[in-house]
Amino acid sequence: MQRNFHRVVKILNGAGAANVNDMDVQRALDWAVAEAGVPGIVADIRDGDRRWFGAAGVADLRTGAPRRPGEYAHTGSGGKAFIATVLLALAAESRLNIDDPVNTWLPGVLDHNGYDGDKITIRHLLSNTGGLFSTGMAPELTSRYATRSAFAEHRFDAFTTEQLLAMTVSQPPVGAPGERFEYSNGGFYVAEALIEKATGNSLAEEIERRIVQPLGLTDTFVRSAQDARYPDPHPRAYSTLFYKDGTDPAEVTPENWESVMEEPGLDPLDVTEYNTSWAPANVVSTTGDMIRFVGALAGGTLLPPEQHRAMWTTVSTEGGNWTPHTRYGLGVFEFDRAATGGLTLRGVGGSFWGCLFYTVGTADGEHTLSLQTNTEWKSWDVLFRVIDAEFGVRLGG
């Protein structure tokens, strides 16, 4: 397929001219399109009073329309940070304690298949240390999207809360509570249900009241479980994240999944409209809003000091199916300072069919970069090259 590449750069700094980092970031964006198979990519940067926006590739492979500022996209697992923020805000009001066992709020929900809701706490859920298996690999989910034909059949299927909670405990634990990190959407499904039980409100209402309104996030919202669309403007989303024909999703594990993926070189499938009710929090946003959100979380201006410290108390993610060179807090992550030369970089992000959306910034919240591609994770080099170029680190080696 012939691709028609477009590139747009918008300089928003006070001097009206790009600095060296901007040009390095643009080269990384161009590389992602030319070499890594990304249809379109944007980087939005705030560094004090300096603003810069760069893009490469296209928003629409059919029309060749370029990427541009202000596009809506799904935040993927970035929604976990919204869930964690709400729960920490409730803790600050003494309406719950993050060390409460899950059974205090949702008796029996986790008491299946070897899990113990008296031992798994809210903190365990938010830090992915509750022993829950990697729910994103559950056959109940992956079978619906495993192959191109399955995706076409199930793309508008919606998951109920009851189905998500059942999926969370559908396979045995991978460890005891607090023993190890294992990245798992399931803990956040439980956390969502817990928020609604503790407040009597929907998660969407709590996110609107506690995050969206205080920060003035005019382009951020929780998408309903029935909706599969985006407001305009938005890029088309494309995916090659499918198993080879004949693969049994029940036999796919976090260790072997790469070996069963379809062969490279196939045209991407347009997956823009599909139901994402299984995505924790199901948040849609823009790079500009995510810069404001992550800057507030990193810099400590949204949560009180005690809850801010709890959010950024991290555990190792080694062997837990998450971004390399990172440690995980409560719905958020930090890059290991050994990999960044001592610089603290904090972030929120995730990837799934047709989308990668990461926002990373310094600990004072003043220097933040938001990166979005209209396809899923292709190589960590895509993310790392852009971060390296902007912050002067060497995550990519």
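Hydrogens, waters and symmetry mates play no part in the numbers below; they use all other heavy atoms, side chains included.
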Strictly below 4.0 Å, N to O, side chains only: are [X] and [Y] in salt-bridge contact?
X      : Y      : result
Asp24  : Arg385 : no
Lys119 : Asp111 : no
Arg144 : Glu153 : no

If the plane angle is over 60° it's perpendicular, under 30° parallel, otherwise tilted; pick one for [X] and [Y].
X      : Y      : value
Phe333 : Phe335 : perpendicular
Tyr328 : Trp322 : perpendicular
Phe151 : Tyr145 : tilted
His74  : Tyr230 : perpendicular

* To do: Let me see the working for Glu93 and Arg210 under salt bridge (Lys or Arg N to Asp or Glu O under 4.0 Å), right down to the final yes or no.
  => CA-CA 12 Å; Glu93 296 169 359; Arg210 297 178 181 278; 2.8 Å; yes
* Take atom CD of Glu273 as the centre, draw a 6.0 Å sphere, and report whether it contains more than 12 heavy atoms from other residues, nucleotides or ligands. =>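 Counting other residues, nucleotides and ligands, CD of Glu273 exceeds 12 neighbours.
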* Asked: Under a 4.5 Å cut-off applied to non-hydrogen side-chain atoms, are Leu87 and Leu126 in contact?
  ->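 Counting from C-beta outward, Leu87 and Leu126 do come under 4.5 Å.
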* Asked: Are the side chains of Glu334 and Thr326 in touch, meaning some heavy atoms are under 4.5 Å apart?
  ->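 Heavy-atom side-chain distance check fails, nothing below 4.5 Å.
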* Asked: Are Phe352 and Trp278 close enough that their ring centers fall under 6.0 Å?
  ->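 Here the rings of Trp278 and Phe352 have centres that are less than 6.0 Å from each other.
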* With a 6.0 Å cut-off on ring centres, are Tyr274 and His154 close enough? ->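 So the answer is no for these two rings.
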